[in-house]
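Read through the structure below, which is laid out as structure tokens, and then see the notes.
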Amino acid sequence: MNGLRGSLAALLVLVVTAACGTQETAAPAPAATPKHGHAATKAPAQPLRDGERFVTLTMPEPYTPKGPNGGSDDYRCFLIDPGTQGAGFLTGAQFQPLNLAIVHHAIFFRLAPEQVAEAKKMDAAAPGQGWTCFADAGVREAGWVAHWAPGDRETLLDPRYGHPIPPGSQLVMQVHYNTRAGDGADQSAIRLRVSDKQLQPLGTALFPAAVELPCAAGESGPLCEREAAVADIGRRFGEESARTPGSLTELCGPARPGPTQHCDIPVPQEGLLHALAGHMHLLGRSIKIELNPGTPGARTLLDVPEYDFDDQALRPLPAPVKVGEGDVVRVTCTHDAKLRSMLPQLEKEPARYVVWGEGTADEMCLGIAIMSA
């Protein structure tokens, strides 16, 4: 899931220092091969609450993805106008992928009215519908308001909170397409749940950690060298993508190569955590998000001991958790290079040293938190 580099600057506003390292825990034994079928949730819409309405927005026309530089990963951004019916506070959203075989994930960014012109220029300058956007929405300070990954579903929080969508705002729908498991065109949609009430504003905070996963025992090849693997990411996705592993080192500090990495991120300003989700790719085994680990007040906010790419739903907390200056959020991820030879989508991929990257054959370690002031 992308948007990291565009959000790193915003995250650094909230972060004073960070420490990152490798846990000594070994990767879990691959007792079973995870299933990754990209299934969509068929659950009916939850009832509208007082003051809410549904607004469904669809891509203007079908789009057929084609990864650049011979790759199978295509990140495409589409500008969508919610109109007057979409203005208010976003209290829920349900992405409706049309071609599940190729849709890897989607992120929705809010553009303030003064940002829309910049997005329209990028759209007009790019051939075809939308524009390539590996880094993020392509517009500085675009606000992350919703996301979808396999298994995700509409998650309703306390109706007193919502993401503000002022009149004149538009949305950027960033879709990561992966053509390893399918092909064809896509014309996805999103159903927004919008309220006219004056609500307390929500925001999205990202808590990343580095990925430094060497080739598995018995694997070999030129991409098993870290420098070559990072250069390959730059070839496929551009120089900005190749700088991401270094950006994570700046944020978190050096990490020793290994299956499990963590990053400690101090939070210098007060806020309430409402819900969390974890995101990795197909080599992910487990992800955990903790508050103040190693202290008497330590608590686990999210624990997914058996990560399933097809179940990345947002998990609401039983009650909002207050964080403030001096608190530390730790995200820990375990990846397993052995899965590369066990999963149909990856079994033909060359062995590689895996770092943070946009491709399905690359990896991520990301905690996603819905917060309010």
Working for side chain to side chain contact (heavy atoms under 4.5 Å, CB included), residues Q94 and W148: CA-CA 8 Å; Q94 182 60 60; W148 175 90; 4.3 Å; yes
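- For H104 and H281, the ring centers are positioned less than 6.0 Å apart.
- More than 12 heavy atoms of other residues, nucleotides or ligands shown are found within 6.0 angstrom of CD on E114.
- Evaluated for a side-chain hydrogen bond (donor to acceptor under 3.5 Å, both in side chains) with T91, the options E52, H163, R193, K197 yield exactly one hit, E52.
- We find that R352 and D232 are joined by a salt bridge, their nearest charged nitrogen and carboxylate oxygen being less than 4.0 Å apart.
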V55 and R191: CA distance, side-chain angles, deciding distance, side chain to side chain contact (heavy atoms under 4.5 Å, CB included) verdict: CA-CA 6 Å; V55 179; R191 187 191 65 222; over 6 Å; no
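- Electrostatic pairing of K120 and D123 does not count as a salt bridge here, judged by no charged N lying under 4.0 Å from a carboxylate O.
- More than 12 heavy atoms of other residues, nucleotides or ligands sit less than 6.0 Å from atom CG of D81.
- Counted within 6.0 Å of CD on E347, heavy atoms from surrounding residues, nucleotides or ligands total more than 12; the atom is thus considered enclosed.
- By the neighbour-count criterion of 12 heavy atoms within 6.0 Å, atom CD of Q46 is densely surrounded, having more than that number from other residues, nucleotides or ligands.
- A cation-pi arrangement is not found for R285 relative to Y307, the charged atom failing to lie both closer than 6.0 Å to the ring centre and inside a 45° cone about the ring normal.
- Partner of L282 under the side chain to side chain contact (heavy atoms under 4.5 Å, CB included) criterion, out of T360, D362, L339: T360 alone.
- Looking at heavy atoms from C-beta onward, Y177 lies out of side-chain contact with H105 at the 4.5 angstrom threshold.
- Aromatic rings from F108 and F95 are positioned such that their centres are separated by under 6.0 Å.
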